[in-house]
Amino acid sequence: MSTTLSVEDLDFIESELSFDDKVSLLFILYGQRNPRYLSQIITIACRSPEEETHFLFDWKNHAAGPEWSSELLEALLIIQANLCLVKCGLDDDELRERFLPHVIELTSFVHPVLKGLYLLCEKMDDGVAGKVIDYLKKTHSVGVLNSRFFELVLLELISEDLVKLGSKSAGEECDLLLLVACFKSLDLYDLAEFCKRISDSFNKELTNKQNQSDNVQGSSNFKQIPKVEDQQQLDPDRYYILKQHAGIILIINQFKFYRDQNPELKDLLPLRPLNDRRGTEVDKLAILNIFTAFGYQPLVVENIPHAEIPTQVEHAVNAVKSTHCSLVVCLLSHGQEGKIYGSNSIPVNVKSIERAMAAEKLTGKPKLLFVQACQGPDLQSAVEIPQKLEHDGPSSEKTASVFVDFLVAWSTVPGFASVRHIEKGSWFIQELCVKLRELHQRDHIMDILTAVINDVSGKRGYANECMVPIIYSTLRKKLFFEPLKNK
C-alpha cells in the first residue's frame, strides 16, 4: 500500500471530510503560516458549510512546502480521518506507526503547538468554550462570537501575537501564558495544565537544541552572543535589555485572602478582613503581555502566604542566568506603608523582598521592583471609593532602596490608598504597561516612569479621588529595552 498522496487526492479527501474536520485540518495546516487569512476564509465558509470547497488544493499551491504530502498525512491522522486515508488506498496502520498521532508532544511535519492546541479544542465543549470566549472578550476584546469553533478564537489570538506558537528554526519560544491565565481564572485547571504541558514541551526541546548549538565550535556561521558586560560596553551610560537575554520576571498575584489562624500571628492581622482583589487578573495579563514581548521568561505565583513570598523571590533570583540582563519582580496585593499582604492576611516588609533580590549573583544587573498595593488607608481626595473602584489596603516603616542597580516603583506614595478598577485593572499597572509599549523605543525607563506618574496623577475617579505613584532608584545608567517590531 502507498504512504504518500498525489495532487489528485486532494479534492477527494476534502469531499470526504465534514465541515468541522475541514476547520480542524486547516487550523493545523495554516495556523503558523497565515492565521488571519485562515480566519477569514473559515468565517466566510461558515455561512454555507454545505458548499463544495477546494481549501487543500489552495493550501498545496500557495502555502505548503515540498513536504506537503507528509504534512497533510500527519494532520489527517491527528484529526483521526483514518477512513478517509483508507479510501485513498493508504495503509493507516503504517502511517500511525510513522507519525504517532496519539503522542501529544510529538510531530514530524506539522507544528507541535498547533497539534496541541487542536487537541485542546477537542477537550472543550460549547459551554466551556463560551465561558472562555466571554472572558477573552472582556479582557482582550476578542471579536469571535461562535463558540462552535474555538479554533477561530485561537487564530485571532495568534494573529494579534497574544498567543505565540514559537519557531524552532528562529529560536523563538512558545507562549501560551494568556490561555493558562484565562483557564485558571475560570477554574479550568485541567485545561491550564494541558496548555502548560504543550508549551513546556516545545520550549524544553528548543532549549536543548540551542544548548547543542552553543557547544558548536569553529563554525563560520556561529555567532557568539556577547556577554551582558560586553553588551553594556556599547554605551557605558546605558543598560541594554536585549530580547534574547532579557531575564526573569516574577509576578506574585494575590487576589484571594483569608485570616491566618496561627495565634502567634494574631497581632499582625489587619483589623478587618481583606477583600478579594477584583481586576488584578487584568493587571497580570497586561504585565505578561508587555514583558514577555520584551523577552522575559515569566514566573507567576498566586495567592501565597506571607512566608512564601521571599522564598519565591529567591527562586526567581536563582533562575537568573549569567547571560541574562536583569530581574523584574511585580507584587500585586493589598498593602500598608512599606508592606504587602500574603494571602493569609499577614504583611511582609518590602525591604525583605529587596534584600532577597540583592543577591551577589545579580551584581551589576538592574533589578526592577513594581508594587501595586496601598501604602495606607487614606484616599488622596479623602472620600470613599465608589462604584467600580476599590483600593488595595486595610505603619510607619518606610521602604527605601539602598542597593545599587535597583529601581522600586510603588503605585502610590506612603500613607495613601492605591486605586484599582474591578474590571479594567489598576491605574498604575495599566498605565505602566501602556507607556512601556508606547515609549520604550525612544525613552529609558526613568523617562517612561515619569510619563506614568504624570498620567496617573492626572486621573480622577467617580468622586474625584486621585493617586500619585512614587519611584526610588539607584540605577547607575539609563535603562533601555530592545525595540519591539511593529506589526
Side-chain angles (χ1 to χ4, degrees), residues 1-17 21-42 45 52-119 151 154-155 158-159 164-174 198 201-203 205-206 208-210 212-213 216 219-222:
M1 271 190 169
S2 172
T3 56
T4 60
L5 292 169
S6 66
V7 176
E8 289 73 23
D9 293 321
L10 296 180
D11 282 343
F12 171 75
I13 292 173
E14 193 160 342
S15 67
E16 288 291 309
L17 296 175
D21 282 343
K22 289 180 186 179
V23 172
S24 299
L25 184 65
L26 292 172
F27 174 76
I28 295 172
L29 296 175
Y30 263 112
Q32 84 278 22
R33 291 184 167 105
N34 198 336
R36 196 176 300 278
Y37 167 73
L38 177 58
S39 179
Q40 292 171 349
I41 63 174
I42 290 178
E52 182 180 356
T53 58
H54 302 280
F55 293 139
L56 293 181
F57 190 79
D58 292 339
W59 167 79
K60 189 268 175 189
N61 286 338
H62 302 295
E67 301 286 350
W68 68 268
S69 174
S70 296
E71 184 178 359
L72 179 55
L73 286 172
E74 184 173 15
L76 288 166
L77 285 167
I78 290 171
I79 68 169
Q80 300 183 44
N82 300 66
L83 181 59
C84 181
L85 294 172
V86 171
K87 288 183 177 180
C88 287
L90 302 174
D91 188 335
D92 62 323
D93 289 331
E94 183 178 343
L95 289 171
R96 279 198 301 271
E97 291 181 9
R98 175 184 172 191
F99 291 112
L100 300 176
H102 59 284
V103 181
I104 296 173
E105 299 87 351
L106 183 62
T107 62
S108 299
F109 295 92
V110 307
H111 196 294
V113 177
L114 286 173
K115 177 180 180 179
L117 291 176
Y118 158 73
L119 296 173
E151 289 92 341
L154 293 173
L155 289 171
I158 294 168
S159 299
K164 299 178 182 178
L165 300 175
S167 170
K168 293 179 181 178
S169 60
E172 297 173 354
E173 289 193 340
C174 162
I198 296 169
S201 173
F202 182 89
N203 292 338
E205 186 176 344
L206 181 65
N208 291 338
K209 182 178 179 181
Q210 289 175 338
Q212 292 173 1
S213 176
V216 176
S219 171
S220 59
N221 295 324
F222 180 75

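Worth saying up front: this structure is predicted, and the values here are computed from it rather than measured.
Between the CG atom in Leu26 and the OG1 atom in Thr53 there is a gap of 8.0 Å [rounded to 0.5 Å]. Of the inter-residue distances, the one linking Cys84 atom SG with Leu77 atom CG reads 10.5 Å to the nearest 0.5 angstrom. One finds the CG atom of Leu114 at 9.5 Å from the OG1 atom of Thr107 (value rounded to the nearest 0.5 Å). Between the NE2 atom of His62 and the CZ atom of Phe57 there is a distance of 8.0 Å, given to the nearest 0.5 Å. Separation of atoms CZ (Phe55) and CD1 (Ile41) is listed at 5.0 Å; rounding is to 0.5 Å. Atoms CD1 and CG, from Ile13 and Leu73 in turn, are 7.0 Å apart once rounded to the nearest 0.5 Å.
Put simply, the side chain of Lys164 never gets that close to the backbone of Glu173: no donor and acceptor are under 3.5 Å apart. In this structure a side-chain-to-backbone donor-acceptor pair under 3.5 Å is present from Lys115 to Pro101. Without hydrogens or angle criteria, Ser159 side chain to Leu155 main chain gives a donor-acceptor distance under 3.5 Å. Listed for the Ser69 side chain is a donor-acceptor partner under 3.5 Å among the backbone atoms of Leu5. In this structure, Ser15 contributes its side chain and Phe12 its backbone to a donor-acceptor pair below 3.5 Å.
For the pair Leu56 and Leu29, the minimum side-chain heavy-atom distance is below 4.5 Å.
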CA sep, side-chain torsions, deciding dist, call: Leu90, Asp9, side-chain contact (heavy atoms from CB on, under 4.5 Å): CA-CA 11 Å; Leu90 302 174; Asp9 293 321; over 6 Å; no

side-chain contact (heavy atoms from CB on, under 4.5 Å) between Ile79 and Phe27, intermediate numbers included: CA-CA 11 Å; Ile79 68 169; Phe27 174 76; over 6 Å; no

Worked verdict on Leu76 versus Leu95 for side-chain contact (heavy atoms from CB on, under 4.5 Å): CA-CA 10 Å; Leu76 288 166; Leu95 289 171; over 6 Å; no

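Residues Asp21 and Ser24 bring no donor and acceptor atom of their side chains to less than 3.5 Å of each other. Checked by atom type, the side-chain pair Ser108/Arg98 shows no donor-acceptor distance below 3.5 Å.
Taking the six-membered ring for Trp and thresholds of 30 and 60 degrees, Trp68 and Trp59 have ring planes more than 60 degrees apart, a perpendicular arrangement.
When all heavy atoms are compared, the tightest approach of Cys174 to Phe202 is CB-CD2, 3.6 Å. Of all the heavy atoms in Ile158 and Gly31, the pair that sits closest is CG2-O, 4.0 Å. Between Phe99 and Ser70, the closest heavy-atom pair is CZ-O, 3.7 Å.
Classification of Glu14 and Lys60 as a salt-bridged pair fails, no side-chain N sitting under 4.0 Å from a carboxylate O.
Each side chain to side chain donor-acceptor pair (under 3.5 Å) pair with one or both residues in residues 72-87, not counting sequence neighbours, appears once here: Glu16-Lys87.
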